Amino acid sequence: METPSENNELALAEVNSETQPNKRRKKKSIVWEHFTIETVGAGCRRACCKQCKQSFAYSTGSKVAGTSHLKRHIAKGTCTLILRNQEKNQLSPYSAPSKMGGAGSASEPPKRRYRTSSLANVPFDQDRCRHEIARMIIMHDYPLHMVEHPGFVAFVQNLQPRFDMVSFNTVQGDCVATYLREKQSLLKFIEGIPGRICLTLDLWTSRQSVGYVFLTGHFIDMDWKLHRRILNVVMEPFTDSETAFSHAVAVCLSDWSLENKLFSITLNQPLNEIGIEYLRAQLSIKNPLMLNGQFLVGNCIARTLSSMALDVLGAGRETIKKIRDSVKYVKTSESHEEKFLELKQQLQVPSTKSLFLDDQNQWNTTYEMLVAASELKEVFSCLDTSDPDYKEAPSMDDWKQVETLCTYLKLFFDAASLLTSTTTIPTTNTFYHETWKIQTELARAATCEDPFISNLAKPMQEKVDKYWKDCGLVLAIAVAMDPRFKMKLVEFSFPKIYGEEAAPTCIRVVDEGLHELFLEYVALPLPLTPTYVEEGNAGSMKGEDHSQGGLLSSNGLSDFDVYILETSSQQMKSELDQYLEESVLPRVHEFDLLGWWKLNKLKYPTLSKMARDILSIPVSSVAVESIYDTVGKEMDEYRNSLRPETVEALICAKDWLQYGSSPPEISNALVKMEF
C-alpha cells in the first residue's frame, strides 16, 4: 500500500507535469482508469468518478490529497455502479499495478495489492446469507427476534451493507424451510432401514400448563450402526389425559409412515392401566404386536436411577448440607481456599480431586462433590486450627455417613454413565448386568443390621424390582443376543435375583419368550422395507397369473405347500437353537456386538433380524444432557410463545444438523412462508 508521502509525491509530479506540457508523464496509478481530473476553481481541482460522477478532493494550490481515498471508492464497493457491474461480471474492479507503474507485462505479477481486493472476487449471495442465519439460529438456540435487534442489525450492515435485513417472519420461514429440507433427507434414510424402529417419549412441561412430547426414533441401519433422531415435538394441551401419549405416537407414525415398523416404546414416566390400554389399542390397528405387545411400553431407566438417587440424597440431607456449607466456605473466598490448600500440602493428603459446589438439579454433581470432599476430610477436620473462622466442621459420624451415601450413589452413577456416551449409543444388552448388580446390592442392603442402611435400601429396592418386573424380559432377551452370554448369564443370575425355587420358572419364561419371538420372525416377512414390499407385490401378481392355469391348486398339492411351510419353519427355528447351543465367546471389553451380528447375518439370517430390532430398544427416553436431572424438563417461555410447528422445526432441525446437513438448494429451500 502506498504511503501518504508517496501519494503526495505522485500527485505533485502529476500537477507539475500538467503545468509543463513538454514534460508530461503518464499517470501511474490504476485509479485514473476510473477517475478524471476537473478544474473547479482557481488552483482547485477535483477527481470525478467516471461511473457515478461523484467528485473527491484532489489538489488545492500546492496541497495534493493523494489517491488512497480514490482507491477505497473503487475497491471497497462504495461506488454503486461499479458494484452492479461487478455482480454481472463477478470480476474485481481494481487490481493494483506493480510498483514500477504502467500497465505492465502480463507475465509480471503485481508486487503490491490493495489488501481487500481479493474479497471482491467473492460474489454476494443474499439467499445463502439467509440460509446461514437460519442455521445459526437453529444450531445455537438463538431467539428468532435477534434479526430485529438493533445491535445485530448494525453489525450485519457494517459487515455487509448489501445484505437486506430479514424480519422475524422471514427468518421463521427460513428456519422452517431448513427443517423441511432436512426432514426430506431423514425420511429417505428411514425408509431404507432394514429393521423396525423404536420410540422414546419424553414429556416436557411449561408454565402455561401445556406439555410437549419429544418423540425420538432409535434404529439400526444397513451397516449395523445404531442411530437416534428426534422425530417430532408434539404439543399436548392436556398432559394428564389418558390419550395424550397415544395421540403423540399416532402423529409420529403418520408423519413418518412408520405403520408396521414400530417395535417398542419407552416412556419417561409410568402410565396407568387405562393409558396403557389406549396406547396398545391404537398401535394394534396398524402394527403387529410382537410378543403380544410386551415391548410396547417400557420404563425409562434414567428416571428410575434418578429417583433412587434422590432417595439417597434425601436420607442424608442434613449431612450433605454440612458438607456443602464447608465446601462453600472454602470455594467462595480466595483467602480461605489458599489456607485450605496450604494445609492440604502440610498434611500431605494424596487426593488429586478439587472441591466444587454442586448443582442441586443434577444429582451426579452432588455425588462428585461428596466424593471430592470425603477424600479431603482430613483437611476439613484440621482446618479450624489454621483458620479460626471455620467453625462448622463435619464430625466423624458425618463423614462415615457420607461414605455410605457414596457407596449407593456410585451404583447409580456407574449405570447412568453408560447412557452419557457422546460417541456410541449403548445397546439394550448393556443394562442387564447393571440392573442385576443394583438389584443384588439393594437386596443385600435391605437385610443389613444397620437401620440407616436397611431403611435407605428398602424403598429403592421396591423401585428397582418394579423396573425389573416391567423391563426384565426385554433385558434378558437382549442379553441372550450377546454371544458372550446368551442364556448362560440368565441361568446364572436368576437364582440370585428370584431365589433358587422360583428361578427355573423365570428362566423358562424367558426361554419360551425368546423362542416365541423367533417364531414370529419366521412367520412374518420382517422387516417390511420398501424393496421387500415391491418384491412381495410382484410375487403376488405372478401367483395370480399362474393360478389361472390351476396346475398346482387343482392337483391336490395345497397340503404339500403346508408341509413345505412347516418344515421350513422347523428348519428356521433350529437357527436359534444352534446359536444358543454354540459356546459363548470370550468376554472382551471392547466387543463390537453389532459388528459381530453384521459378520454373522448370513449364518443367522432370521435371528440377525430379530437381534437388530431387540438391540435397538432404548432403555432411556431422555437426552444425554438430562440423564442426571432431578426435576422434569420445562419448555422455556420464549419457545412456548412460538407456534408449535416452529418449536418442532427448531428442536428437530438442531438435532439433525449435528449429524451433517443436506446440500442447500437455496432456490427450493428458502420458501416464502406467512405466519
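Keep in mind the model is a prediction, meaning the values are calculated, not measured.
Taking each heavy atom of Lys654 and Met139 in turn, the nearest pair found is CE-O, 3.5 Å. In plain terms, the two heavy atoms of Met146 and Ile137 that are nearest each other are SD-CG1, 4.0 Å. Nearest heavy atom pair, residue Ile627 against residue Trp363, reads O-NE1, 4.2 Å. In terms of heavy atoms, Trp224 sits closest to Ile220 at CA-CG2, 3.5 Å. For the residue pair Arg228 and Thr216, the shortest heavy atom distance occurs at CB-CG2, 4.2 Å.
Among residues two or more places apart in sequence or in another chain, the salt bridge (charged side-chain N to carboxylate O under 4.0 Å, His left out) test is passed with Arg639 by Asp141. Residues passing the salt bridge (charged side-chain N to carboxylate O under 4.0 Å, His left out) test with Asp223 are Lys598, sequence neighbours excluded. Considering only residues two or more places apart in sequence or on other chains, Arg229 meets the salt bridge (charged side-chain N to carboxylate O under 4.0 Å, His left out) condition with none of them. Checked against salt bridge (charged side-chain N to carboxylate O under 4.0 Å, His left out), Glu337 has the following partners two or more places apart in sequence or in another chain: Lys331. Ser335 is linked by a side-chain hydrogen bond (donor to acceptor under 3.5 Å, both in side chains) to Ser333, counting only residues two or more places apart in sequence or in another chain.
The aromatic rings of Phe168 and His145 sit parallel, their planes meeting at an angle under 30°, below the 60° perpendicular limit. By the 30° and 60° cut-offs, the orientation of the rings of Trp32 relative to Phe35 is perpendicular. Using a 30° and 60° split on the angle between ring planes, Phe219 and His227 fall in the parallel class, below 30°.
With no hydrogens or angles considered, a side-chain donor-acceptor pair links Asp358 and Thr366 at under 3.5 Å. Asn232 and Asp255 form a side-chain donor-acceptor contact under 3.5 Å, judged by distance and modelled atom types alone. Judged by distance alone, the side chains of Glu236 and His247 do bring a donor and an acceptor atom under 3.5 Å apart.
The closest side-chain heavy-atom distance from Ser417 to Tyr628 is below 4.5 Å. Taking 4.5 Å as the limit, some side-chain heavy atom of Leu226 sits within range of a side-chain heavy atom of Thr427.
Other residues, nucleotides and ligands contribute over 12 non-hydrogen atoms within 6.0 Å of the NZ atom of Lys50.
Applying the salt bridge (Lys or Arg N to Asp or Glu O under 4.0 Å) definition to pairs two or more places apart or across chains, none involves residues 142-155.
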request  = Please step through side chain to side chain contact (heavy atoms under 4.5 Å, CB included) for the pair Leu650 and Tyr179, ending with a clear verdict.
outcome  = CA-CA 7 Å; Leu650 293 173; Tyr179 157 78; over 6 Å; no

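Under a cutoff of 6.0 Å and an axis angle of 45°, Lys183 and Trp256 form a cation-pi pair.
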